Number of protein chains: 2
Amino acid sequence: MPTRKKNTLRESVHGSLKAMIVTGQLPPGARVTENDLAVKLKVSRTPVREALNRLEQDGLVVGRPRQGYTVKEFDIQMFREAFEIRELLDGYATELATAKITAADKERLREMVRECERLAALPTRSSGDMFQELQIGMDIHRTIAEISGNVMLCGLLNGILDKCQHYVWMELLRLDEWGIARDEHFEIVEAICAGDAARAVELTRAHIRGSRNNILRLLQAKSDYQSFLARAS
Amino acid sequence: MPTRKKNTLRESVHGSLKAMIVTGQLPPGARVTENDLAVKLKVSRTPVREALNRLEQDGLVVGRPRQGYTVKEFDIQMFREAFEIRELLDGYATELATAKITAADKERLREMVRECERLAALPTRSSGDMFQELQIGMDIHRTIAEISGNVMLCGLLNGILDKCQHYVWMELLRLDEWGIARDEHFEIVEAICAGDAARAVELTRAHIRGSRNNILRLLQAKSDYQSFLARAS
DNA sequence: ACATTCAAAATTGTATACAAAATAGAATGC
DNA sequence: GCATTCTATTTTGTATACAATTTTGAATGT
C-alpha cells in the first residue's frame with residue numbers, strides 16, 4: 001500500500017488508488033465503495049470521492065450515478081484501439097526524442113535497458129523481479145515520451161499506458177514473449193542514441209505492433225476459453 | 001448561461017463551466033472561486049469543487065493547492081503541440097472513417113458542409129453566424145472522429161479540441177483565413193465519401209498543417225505586439 | 001515615506017450531517 | 001413453492017460546518 005505523500009489528501013488518495021488498480025490489488029470488476037476506501041485509507045469520504053472522480057476521467061473506474069464505482073473491466077477492443085494509437089504516438093515521440101536527446105538522457109535510457117538485462121539474467125527470478133522488469137520496460141516508453149519535450153504527447157501517452165499497464169502485467173507475466181521486447185527496447189534506444197530517426201521510428205512502430213499482436217492473441221485465447229467454459233456449464 | 005440538464009449536479013456544473021470557458025465568458029487568466037460560482041449557479045460548493053477538479057484534468061483550469069483556480073492561460077507552445085498531434089490523430093481518424101462510413105454518415109457530413117456554405121453565403125453575417133460556422137467547422141472533425149469508430153481516438157481528439165476551441169474562436173473570428181478551411185472541409189468530406197483514403201488522409205493532414213500555421217502566425221504576431229507594448233511602457 | 005510585522009479576512013481542504021435513490025431481503029398473497 | 005410488493009439498508013449526491021493556510025492590509029517603528 002504505497003501511500004505517496006503529496007500536498008493534498010486528494011492527490012495522495014488518487015495516487016494510492018491508481019497504484020492499487022494498476023498492480024491488481026483492486027481487480028477489474030471489483031466494486032469499490034467510498035466508505036470502505038475511506039476507512040481503509042483513514043481519511044474521510046471527501047478526498048476519496050474526488051480521487052474516484054479523477055480515476056473515472058482517467059478511465060480506470062466506471063461510476064454510474066447513485067450506483068457506485070467498479071474497477072474498469074477488461075476490454076479487447078480497448079486494447080486494440082490503444083495499441084493502434086500508440087503506434088502513431090510512440091513513433092512520433094521517438095522521432096522527436098531522437099532530435100532532442102542529450103547525453104544525460106542517453107545514459108538514463110541505456111541504464112534502464114541494462115537494468116532490464118540484469119533482471120533477465122538472474123539465475124533464479126522471483127515474480128517480483130519479473131514484475132520490476134516489466135515496470136522498467138514500460139518506463140522506457142514513458143521516458144522517451146518525456147525526452148520528446150512535447151508535454152501534451154507525454155500526457156496522452158501516460159494516460160494510455162496507465163489504462164493498459166495492469167492488464168499487461170496480469171496477462172503477460174507468465175509469457176516469455178517478453179524476451180523479444182527486451183531486445184527490441186535495446187535496439188530502439190541505440191537507434192535513438194545514434195541519431196538514426198528513421199530507423200528508431202520504424203523499430204518503435206514495429207515493436208508496438210508486435211506487442212499488440214501478442215497481447216491481442218493472448219486475450220483472444222483467454223476470451224475463447226472463457227466462452228468455452230460458459231458453453232460447457 | 002446554458003445550464004445543461006444532467007443526472008447529477010456535478011456533471012451539469014462541469015458542462016456549464018466548460019461552456020463558459022470555451023465561449024470566453026470566463027476569459028483566460030480569470031480567477032474563479034468556488035463560492036462565487038456556487039452562488040452564481042445556485043448550488044453548494046461541493047458540486048462546483050468536483051466540476052473544477054474535472055476541468056483541471058481537462059486542462060481548462062489550473063489549480064494550485066490552497067490558492068484557488070484560474071482559467072488556463074494562453075500558450076503558444078501548447079498550440080504547437082496540439083496541432084502536431086492532431087495532424088497524426090485526425091489523419092488516422094480520416095483513414096478509419098473512410099473505411100467504415102455509412103450512407104447516413106455521408107449525408108450527415110455533407111449536410112454540415114452545406115450548412116457552413118449557407119452561413120458563409122449570407123448577405124449580412126452577424127457575429128453569431130460566424131460563431132456558428134466555426135462551431136460546425138470543428139464539429140466536422142469531431143464527427144469524423146466519431147465515425148472512425150475508435151472510441152479512444154474520439155475521446156483524445158475531443159479533449160484536444162476542447163483545449164483549443166475557445167482560443168481559436170477568440171483569435172480567428174475576425175480573420176478570413178477561415179474561407180480556406182471551408183473549401184478544405186468540403187474536399188476532405190468528398191474524398192472520404194468517395195472512399196479515396198490516401199487522398200482524404202493527405203488532405204486532412206495538410207488542412208491541419210495549414211490551420212496550425214495560420215494560428216501560430218497570428219498568435220506570434222499578437223505575442224510580439226504585446227511585448228512591444230510592454231517595452232514601450 | 002518605506003519597510004516590516006502581525007492580525008484579520010478570504011479561500012481552499014477536510015470532515016460530517018442529511019437527503020435521495022437504488023438494491024436487497026423478507027413478508028405476504030396466490 | 002413462487003412471484004410480487006413493500007420496507008429497510010446501503011450507498012451515493014449534496015450541503016454545511018470546521019480547520020488550516022495564504023494573502024492582504026493596516027499599524028508601527030525606523
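Note that the coordinates shown come from a computational prediction; the quantities given were computed from them, not determined experimentally.
- Checking A:K42 against B:T33, the closest nucleotide of DNA chain C that is more toward the 5' end is the one next to B:T33.
- A distance of 4.0 Å separates CD1 of A:I144 from CD1 of A:I192, quoted to the nearest 0.5 Å.
- For the segment residues 43-63 of chain A, residues with any heavy atom less than 4.0 angstrom from an atom of DNA chain D are, sorted by number, A:R45, A:R49.
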So which protein nitrogen or oxygen atoms get under 3.5 Å of nucleotides 20-23 of chain D's nitrogens or oxygens?
residue: D:dT23; atom: OP1; partner: B:Q67; partner atom: NE2; Å: 3.3

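- The aromatic rings of B:H141 and B:H207 lie parallel to each other, with less than 30° between the two planes, well short of the 60° mark.
- Whole-Å rounding puts the A:D36 CG to D:dT11 P distance at 7 Å.
- Here the side chains of A:E56 and B:Q57 are not in contact, with every heavy-atom distance at 4.5 Å or above.
- Look at OH on A:Y69: it is 8 Å from P on D:dT12, rounded to the nearest Å.
- The residues A:E50 and B:R54 are annotated as not salt-bridged, no charged nitrogen and carboxylate oxygen being separated by less than 4.0 angstrom.
- Protein chain B contacts DNA chain C over a range whose 5' and 3' limits, counting nucleotides with an atom under 4.0 angstrom from a non-hydrogen atom, are C:dT12 to C:dT14.
- For B:S12 (side chain) and B:T8 (main-chain N/O), no donor-acceptor pair under 3.5 Å exists by modelled atom type.
- There is a side-chain donor-acceptor pair under 3.5 Å between A:D105 and A:T102.
- Atoms CG and CE, on A:D75 and B:M152 in that order, are 9.0 Å from each other to the nearest 0.5 Å.
- Between B:D58 and B:K163 there is no salt bridge, since no side-chain nitrogen of the basic residue lies less than 4.0 Å from a carboxylate oxygen of the acidic one.
- A donor-acceptor pair under 3.5 Å is formed between the side chain of B:N158 and the backbone N or O of B:C154.
- Using a cut-off of 4.0 Å between Lys/Arg side-chain N and Asp/Glu carboxylate O, B:E87 and B:R212 are scored as not salt-bridged.
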